Amino acid sequence: MQHSDKTTWDIDFLQDQRQTGSDNKYALIILNQDLSGGLLFKLWNATDWHCCADGGANRMHDALTKAGARLESFVPDLIKGDLDSIRPDVKAFYESLSVPVVQDPSQYATDLMKCIEAVEELEQAQGTKYKIILLGGLSGRLDQTIHTMSYLHKLRQSRKWIFAVTEDNVGWVLDSGEHEIKIDHNLLGQTCGLLPVGIESTLLSTSGLRWNLSEHESSFDGLVSTSNHLVPGHDVWIKTTKPIWWTVELR
Ligand SMILES: Nc1ncnc2c1ncn2[C@@H]1O[C@H](COP(=O)(O)OP(=O)(O)OP(=O)(O)O)[C@@H](O)[C@H]1O
Ligand SMILES: Cc1ncc(C[n+]2csc(CCO)c2C)c(N)n1
């Protein structure tokens, strides 16, 4: 579907000073991926509701311990999954802090999907829509990485505001239409990509990039804009006829 309006993206959750409790509610889903204390603290403080996907609880527990943080100051609202990855000591620790540890044994949905379902339930109960940040999911196992890309692509119509953040990248799906992406060069590195994944092809126009495109076809089987660069001092504008993945390097 062609959207006529422009979406403006301001990834304020990467800024240290973002205050929770503002109009936008954010949910954080911590996936089972290597994780540094620094990124965890930043995203934790920028978000209002926190959930660990199964072994994501181990990663959080271990990152906090390594950083010398007080574990009791970072208590998730939920741990959910098939629970084949969470360590018994981590499960017992969070249960002792009254964290709900919810087992969904389905082998036809990933733990990421089970956590998104939990956000949907929260939204129904509160009558609020959350913006979602996945911590992890765009690196590591290729099947999981492609799953993240596919799942966010499929979610795009019901959920515009969902981002995946790793140590190296932030990425999300730009649905068909026009997009303005606010760039804070203190947070973002220079390298970015426009990835035509899950579509036959798209017509792309851009500004604010080192290598811009003008009504240019992009497809997995043809042109893929990788290793593109942000231009200092400029925001990015993108017009696409089909949904694409946008990724940009983090500093
Ligand atoms: N190696 C990995 N690379 C990328 N993402 C991962 C990786 N491992 C886990 N994840 C993400 O973290 C979530 C929770 O992982 P979990 O601890 O359950 O591992 P898993 O059993 O391999 O995952 P799943 O049960 O969802 O297939 C997964 O649903 C996935 O989104
Ligand atoms: C065609 C097909 N491929 C893979 C799986 C396996 N699978 C998909 S999600 C999931 C849960 C992981 O916690 C598992 C085991 C399946 N069911 N159907």
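Here the structure is a predicted model, which is why all the values come from computation and not from measurement. Whatever order the structure lists them in is the order used to number ligands and atoms, beginning at 1.
In terms of polar-atom proximity, T110 is not counted as a contact of ligand 1, lacking any N or O under 3.5 Å from an N or O of the ligand. Residue-to-ligand polar distances keep H147 apart from ligand 1: every N/O pair is separated by 3.5 Å or more. In terms of N/O distances under 3.5 Å, ligand 1 is approached by S85. Note: an N/O pair closer than 3.5 Å links G55 and ligand 1 by distance alone. By the 3.5 Å distance cut-off applied to N or O atoms, S106 is not counted among the residues near ligand 2.
Annotation: side chain of L152 is in contact with side chain of W245 (closest heavy-atom distance under 4.5 Å). R210 places none of its side-chain heavy atoms less than 4.5 Å from the side chain of Q190. Contact check for H61 versus L71: side-chain heavy atoms found under the 4.5 Å cut-off.
Of all protein heavy atoms, the one closest to atom 11 (C) of ligand 1 is L31 CB, 3.8 Å. In this structure, the protein non-hydrogen atom closest to atom 18 (O) of ligand 1 is D111 OD2, 2.2 Å. Protein heavy atom nearest atom 10 (C) of ligand 2, with residue, atom name and distance: Q107 O, 3.3 Å. Here the protein heavy atom with the shortest distance to atom 11 (C) of ligand 2 is A109 O, 3.2 Å. With respect to atom 14 (C) of ligand 1, the closest heavy atom belonging to the protein is A53 O, 3.6 Å. The single protein non-hydrogen atom nearest to atom 2 (C) of ligand 1 is R141 N, 3.6 Å, given as residue, atom name and distance. With respect to atom 21 (O) of ligand 1, the closest heavy atom belonging to the protein is D84 OD1, 3.4 Å.
Looking at R87 and D62, a side-chain N of the basic residue comes within less than 4.0 Å of a carboxylate O on the acidic one, giving a salt bridge.
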Using side-chain contact (heavy atoms from CB on, under 4.5 Å), reason through L194 and T240 one step at a time and then give a plain yes or no.
CA-CA 10 Å; L194 284 164; T240 181; over 6 Å; no
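Within 4.0 Å of atom 6 (C) of ligand 2, at least one protein heavy atom is present. Within the 4.0 angstrom cut-off, atom 14 (C) of ligand 2 has one or more protein heavy-atom neighbours. For atom 17 (N) of ligand 2, the nearest protein heavy atom is under 4.0 Å away.
Of the heavy atoms in Q144, only side-chain atoms (C-beta onward) come closer than 4.0 Å to ligand 1. Contact annotation for Q33 and ligand 1: only side-chain heavy atoms (C-beta onward) come within less than 4.0 Å of the ligand. At a heavy-atom distance under 4.0 Å, no atom of I86 approaches ligand 1.
In this comparison of L112, I146, D82, the heavy atom closest to atom 29 (O) of ligand 1 sits on L112. Remark: among candidates D82, D111, D104, the nearest residue to atom 12 (C) of ligand 2 is D82, based on non-hydrogen atoms. Proximity annotation for atom 7 (C) of ligand 1: of D143, L138, N32, N32 comes nearest, heavy atoms only.
Atoms of ligand 1 lying under 4.0 Å from any heavy atom of G140, numbered from 1 in the order shown and given with element: 3 (N).
When all heavy atoms of L78 and A118 are compared, the closest pair comes out as CD2-CB, 3.4 Å. Counting all heavy atoms, side chain and backbone alike, A46 lies closest to F13 at CB-O, 3.5 Å. Considering all non-hydrogen atoms of both residues, W211 and S227 come closest at CZ3-O, 3.7 Å.
Judged by the shortest distance from any of its heavy atoms, T145 lies outside the 4.0 Å radius around the atoms of ligand 1. The shell of residues lying under 4.0 angstrom from ligand 1, judged by heavy atoms, includes S139.
Panel note: side chain R59, backbone L31; no donor-acceptor pair is recorded below 3.5 Å. No side-chain donor-acceptor contact under 3.5 Å links R159 to the backbone of K129. Q33 contributes no side-chain N or O that, together with a main-chain N or O of L135, makes up a donor-acceptor pair within less than 3.5 Å.
Checked against a 6.0 Å centroid threshold, the rings of W9 and W246 do not count as neighbours.
A side-chain N or O of T202 and one of T241 form a donor-acceptor pair less than 3.5 Å apart.
The aromatic rings of F163 and W161 are tilted relative to each other, their planes meeting at an angle between 30° and 60°.
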